[in-house]
Amino acid sequence: MTDRQRSLARVEDDMVRIVRSVRAGIVRNATAFCPEVQPSGYSVMTYIAGHHPTPPSAIVAHTGMDKSAVSRQLRILKDLGFVTSSPDPSDKRADLFSPTPEALDRLERLRVEAKAAYADVFEGWADDDLARFAELLTVFTERLEDVR
C-alpha cells in the first residue's frame with residue numbers, strides 16, 4: 001500500500017467516524033428540541049427555520065426524504081406547535097410552512113450549544129491551523145457534492 005493509499009484509507013475511516021458522530025448529534029438535538037420529534041422531523045424543522053416560508057417540495061428536494069415522510073413530519077411539527085402553514089399564493093392547492101417563535105428559540109439554544117461544543121473541540125488549535133482546516137473542509141465538501 002502506498003502512502004497515498006494509506007492516507008485515503010485514513011480519510012475514509014475518519015469520514016465514517018464523522019458520519020456516526022453527526023448522526024448521533026442529530027438524534028441528540030432532535031431529543032433536546034422536543035422528545036416527540038424524530039430525527040427526520042428535526043431535519044425538516046431546521047430546513048424550515050432557514051428557508052421560510054417554504055413548500056414541502058423544497059423540503060423533499062433538500063432532505064431527499066420521501067414526500068409522504070415529509071408530510072407526516074410536517075403534520076407532527078404543526079400539531080406540536082412548531083410550524084405554521086399558509087396557502088401558497090402561487091398554488092392555492094399547496095401550503096407554505098414557517099417556524100413558530102418557540103421553534104426558533106429552541107433551535108437558537110441548540111445552535112449556541114453546538115458552537116460552544118465546536119469551540120471546545122478546537123481549543124488549543126492555532127488560528128492558522130483552524131483557518132486551514134476550515135478551508136480544506138470547504139474544498140472537500142464542495143468536491144464531494146460535485147461527485148454526487
Side-chain angles (χ1 to χ4, degrees), residues 1-86 95-148:
M1 184 179 273
T2 67
D3 287 345
R4 184 173 185 81
Q5 289 170 326
R6 276 191 289 281
S7 293
L8 288 171
R10 283 182 55 201
V11 168
E12 182 181 9
D13 290 345
D14 284 340
M15 289 305 298
V16 168
R17 292 173 55 200
I18 289 169
V19 167
R20 285 184 188 143
S21 178
V22 167
R23 284 183 182 154
I26 291 170
V27 170
R28 273 192 313 276
N29 283 346
T31 301
F33 179 79
C34 175
E36 297 169 68
V37 173
Q38 298 173 352
S40 58
Y42 180 73
S43 295
V44 169
M45 185 71 250
T46 58
Y47 183 80
I48 292 170
H51 305 86
H52 59 88
T54 191
S57 60
I59 300 166
V60 168
H62 175 77
T63 62
M65 292 170 58
D66 183 77
K67 184 179 176 182
S68 64
V70 168
S71 294
R72 185 172 46 257
Q73 294 307 319
L74 287 169
R75 190 170 41 256
I76 291 168
L77 291 167
K78 191 171 182 180
D79 289 348
L80 292 170
F82 296 126
V83 297
T84 59
S85 63
S86 59
D95 283 332
L96 298 175
F97 291 84
S98 296
T100 63
E102 180 183 359
L104 291 175
D105 288 345
R106 289 180 184 215
L107 289 171
E108 181 58 25
R109 282 195 303 267
L110 291 171
R111 252 186 244 116
V112 167
E113 291 173 13
K115 284 182 181 183
Y118 278 114
D120 287 347
V121 168
F122 291 108
E123 181 66 33
W125 281 44
D127 290 348
D128 289 348
D129 289 343
L130 179 56
R132 182 70 177 141
F133 177 76
E135 179 183 326
L136 291 171
L137 186 59
T138 298
V139 170
F140 175 78
T141 55
E142 287 172 354
R143 287 186 180 179
L144 192 60
E145 288 173 349
D146 289 345
V147 171
R148 289 189 277 148

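Please read these numbers as outputs of a predicted model, since none were measured by experiment.
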Output the distance between atom [atom1] ([X]) and atom [atom2] ([Y]), rounded to the nearest 0.5 Å.
X	Y	atom1	atom2	answer
Phe33	Phe82	CZ	CZ	4.5 Å
Arg17	Arg20	CZ	CZ	9.5 Å
Ser86	His52	OG	NE2	12.0 Å
Leu104	Ser98	CG	OG	9.0 Å
Ile18	Arg23	CD1	CZ	13.0 Å
Ser85	Leu77	OG	CG	11.5 Å

Atom of [X], atom of [Y] and distance for their closest heavy-atom approach:
X	Y	result
Met65	Val70	CB-CG2, 3.7 Å
Leu110	Ala32	CD2-CB, 3.7 Å
Lys67	Val60	CA-CG2, 3.8 Å
Tyr42	Val37	N-CG1, 3.5 Å
Leu80	Cys34	CD1-SG, 4.2 Å
Met1	Arg6	O-NH1, 2.5 Å

Problem set entry | Asp13 vs Arg10, salt bridge (Lys or Arg N to Asp or Glu O under 4.0 Å): CA-CA, chis, key distance, verdict | CA-CA 5 Å; Asp13 290 345; Arg10 283 182 55 201; over 6 Å; no

Taking the side chain as C-beta and beyond, is there a heavy-atom pair between [X] and [Y] under 4.5 Å?
X	Y	value
Gln5	Thr2	yes
Ile48	Leu74	yes
Ile26	Val22	yes
Lys78	Thr84	no

For [X], does the [atom1] atom sit with more than 12 other heavy atoms under 6.0 Å from it, leaving out its own atoms?
X	atom1	value
Asp127	CG	no
Glu135	CD	yes
Glu36	CD	no

Exercise. Phe122 vs Tyr118 aromatic rings, parallel, tilted or perpendicular, using cut-offs 30° and 60°?
Worked result: parallel

For this session: May I ask you to say whether Arg106 pairs ionically with Glu102, meaning some side-chain N is under 4.0 Å from a carboxylate O?
Result: yes

[X] side chain to [Y] backbone, donor-acceptor under 3.5 Å:
X	Y	value
Thr63	Ile59	yes
Thr54	Phe97	no
His62	Ala58	no

Exercise. Does the salt bridge (Lys or Arg N to Asp or Glu O under 4.0 Å) test come out yes or no for Arg132 and Asp129, once each step is laid out?
Worked result: CA-CA 5 Å; Arg132 182 70 177 141; Asp129 289 343; over 6 Å; no

For this session: Would you check, one step at a time, whether the test side-chain contact (heavy atoms from CB on, under 4.5 Å) holds for Phe140 with Met15?
Result: CA-CA 11 Å; Phe140 175 78; Met15 289 305 298; 3.7 Å; yes

